[in-house]
Amino acid sequence: MNGRKRAAIKASTSIIPAVNQESPILPCRILLLPRRTIYEILARLPIKTLFQCRSVCKRFLFFISDPEFAKLQLSKSQVCILIKTQPLQNASKRLQLAHVESSGSNFQVSKLNFTPKSNLPTIDISHMNACNGLLCLVGSEKDYNFYVCNPILGEFITIQPPYKDIQRGSFWGLGYSTMMDQYKVLQSYYPVVESNNRYVTAEIYTIGTGSWRSIGNAPIDTVAMPFNAFLNDTLHWFPCTPNGSEFIHTFDFYSEKFGTLPPPDHFREDDKKFTNYSRIGVLGGCLFMIYFTNSTRFDIWVMKEYGVKETWTKQFVVENLYPKQGSWDFYEPMVVLNNGEILMLYNNDAVVCYNQKRKNLRGTKFFRTRSQFDATAYTPSLVSLNNVAKGEQISRMQVTKDYDKLCTDEFQDCVDCGVQLVNPICSFPPFAVPYGAVNYHPDMYGRNPENRCAACADRRAPAKSFLSLWNM
């Protein structure tokens, strides 16, 4: 062997690490932050990104599964657009959820698909609405059941209707009472026919009680729920009547009473005929209504202080509308983006964007469907039905059950550096476990002060004195 080969072999062997030498495992720095700070960071992530964070580590999985975090996340979650084609296309048995953000003149769209196998109890539905993180689905004519579900967690409850052989009224909806901390389902019925006059009664179901209650008569008018109808524990709508309506109709889920709200002062008697083309809803936490001045322009009025007629303010003027497809076009504002542009539902078959500075409309391609679709405002949440529907029979999709089986391994972290120990000694709840049966200690995720990795244990070992070394 010549000198060059011996030198090359010597150089290559000199950089080979020892077989038993382990590289130090550094802890994830974010785990060293206070728990509340970690929650605040995670709660601001879009729901799709939050789903991906569940797979980062088991500590993240535990954080995201904590009921305390679920409440915080719901308070910061942004309104998304949930659509259902009508009729539901056979090739697309799903609901589509889109979270839209603006980036200059472009859009950033994050989508999720809700399917019967993973998220929904059924896809054979006639109507849907959402409130405070939960989704309510109304079965078709063959299935009169109500389904209240959290499609994010794959949880749902089935509510039997109070009457099966009596025609349902057009008014229904899921709501929430903040004062009572209760979710409720409202439904109207035609129980009796007297002469030629039919009257409508209303029944309400408080989730967790297991029974319906009659609350008297309900409006007879046909009701079409807006994209976002829920504000201040109350549903809002314009009745769809031939002569129009002078008032905004409401239902308060706390008092369980129907009522009205006054429109802006300029709303004249002649304007009643346009209420069938007007829209009402919620934008930026305030009630709004559309007022058409002519077929090419409408104003968006906002009630700055809820219930106070004098606070109606003309907030937006939308001009240069699309050419009419029929006798009259329908526009319904859905979301105001952070750059000031307004996303609007157009004739139930497209989503358009209005730029206030340029005063023009432009099309979007968020949803590519071959038919019209219904759109509902949905705020994704991680709130488990086991916390808000105690006493109900709660079902879960099989996919979430299978996922939990992967998340039941026990783990414990080093008290000093945070690295996961090889031999776990304690267990933490998996994602989407029935929280109603678990009592969580506020410091449950804290570390056992006796558990340290080998490296930290060596560093903390007391240094031997010179005399002790001398006597060895």
Subject >> Main-chain N/O of T178 paired with D233 side-chain donor or acceptor, under 3.5 Å >> reply: yes
Original post:
Where do P226 and I280 come nearest, in terms of heavy atoms and distance?
Top reply: CB-O, 2.9 Å
Original post:
Are the side chain of R54 and the backbone of L50 linked by a donor-acceptor contact shorter than 3.5 Å?
Top reply: no
**OP:** Apply the test side chain to side chain contact (heavy atoms under 4.5 Å, CB included) to residues I81 and F227: give CA-CA distance (whole Å), side-chain angles for both, the deciding distance (0.1 Å), then the verdict.
**Re:** CA-CA 9 Å; I81 303 172; F227 169 77; 4.1 Å; yes
Original post:
Does some side-chain heavy atom of L345 sit less than 4.5 Å from a side-chain heavy atom of F373?
Top reply: yes
Original post:
Ignoring hydrogens and geometry, is there a side-chain-to-backbone donor-acceptor pair from T313 to T311 under 3.5 Å?
Top reply: yes
Original post:
Partners of V317 by side-chain contact (heavy atoms from CB on, under 4.5 Å), sequence neighbours excluded?
Top reply: R297, D299, K314, E319
Original post:
Should N145 and T158 be marked as a side-chain hydrogen bond (donor to acceptor under 3.5 Å, both in side chains) after you check the CA-CA gap, both sets of side-chain angles, and the distance that decides it?
Top reply: CA-CA 7 Å; N145 292 330; T158 304; 5.8 Å; no
Original post:
What pairs with K359 under side chain to side chain donor-acceptor pair (under 3.5 Å), at least two apart in sequence or on another chain?
Top reply: none
**OP:** Heavy atoms only: give me the nearest T379-L74 pair and the separation to one decimal.
**Re:** CG2-CD1, 4.1 Å
**OP:** Please find out if less than 6.0 Å separates the ring center of Y176 from that of F253.
**Re:** no
Subject >> Non-neighbouring partners of Y205 that pass ring pair (Phe, Tyr, Trp, His ring centres under 6.0 Å), sequence neighbours left out >> reply: W212
Original post:
Side chain of D66, backbone of E68: donor and acceptor closer than 3.5 Å?
Top reply: yes
Original post:
Should K84 and D374 count as an ion pair when the cut-off is N to O under 4.0 Å?
Top reply: yes
**OP:** Please lay out, stage by stage, how I47 and S77 fare under the test side chain to side chain contact (heavy atoms under 4.5 Å, CB included).
**Re:** CA-CA 8 Å; I47 192 67; S77 184; over 6 Å; no
Subject >> P121 and S395, any side-chain heavy atoms less than 4.5 Å apart >> reply: no
Subject >> Side-chain donor/acceptor of S177 to backbone N/O of M180, under 3.5 Å >> reply: yes
Subject >> Residues which pass side chain to side chain donor-acceptor pair (under 3.5 Å) with E203, listed by chain and number, not counting sequence neighbours >> reply: Y163
**OP:** Could you pull out all residues at least two apart from C80 that satisfy side-chain contact (heavy atoms from CB on, under 4.5 Å)?
**Re:** L97, H99, P380
Original post:
Ring centres of Y331 and Y346 under 6.0 Å apart?
Top reply: yes
Original post:
With side chains defined as the heavy atoms from C-beta onward, is the minimum distance between Q187 and P161 less than 4.5 Å?
Top reply: no
**OP:** Work out which heavy atom in L112 is nearest to a heavy atom in I152; give both atom names and the distance.
**Re:** CD1-CD1, 4.4 Å
Subject >> Pairwise side-chain contact, F146 with V138, heavy-atom cut-off 4.5 Å (strictly under) >> reply: yes
**OP:** Just jot down the salt bridge (Lys or Arg N to Asp or Glu O under 4.0 Å) partners of E341, sequence neighbours excluded, or say none.
**Re:** R362
**OP:** Give a yes/no verdict on a cation-pi contact between R59 and F62, requiring under 6.0 Å between NZ or CZ and the six-membered ring centre and an angle within 45° of the axis.
**Re:** no
**OP:** Give a yes or no on whether the backbone of A43 and the side-chain of Q73 come within a donor-acceptor separation of less than 3.5 Å.
**Re:** no
Subject >> With H236, the ring-ring contact (aromatic ring centres under 6.0 Å, His included) member among F288, F230, Y306 >> reply: Y306
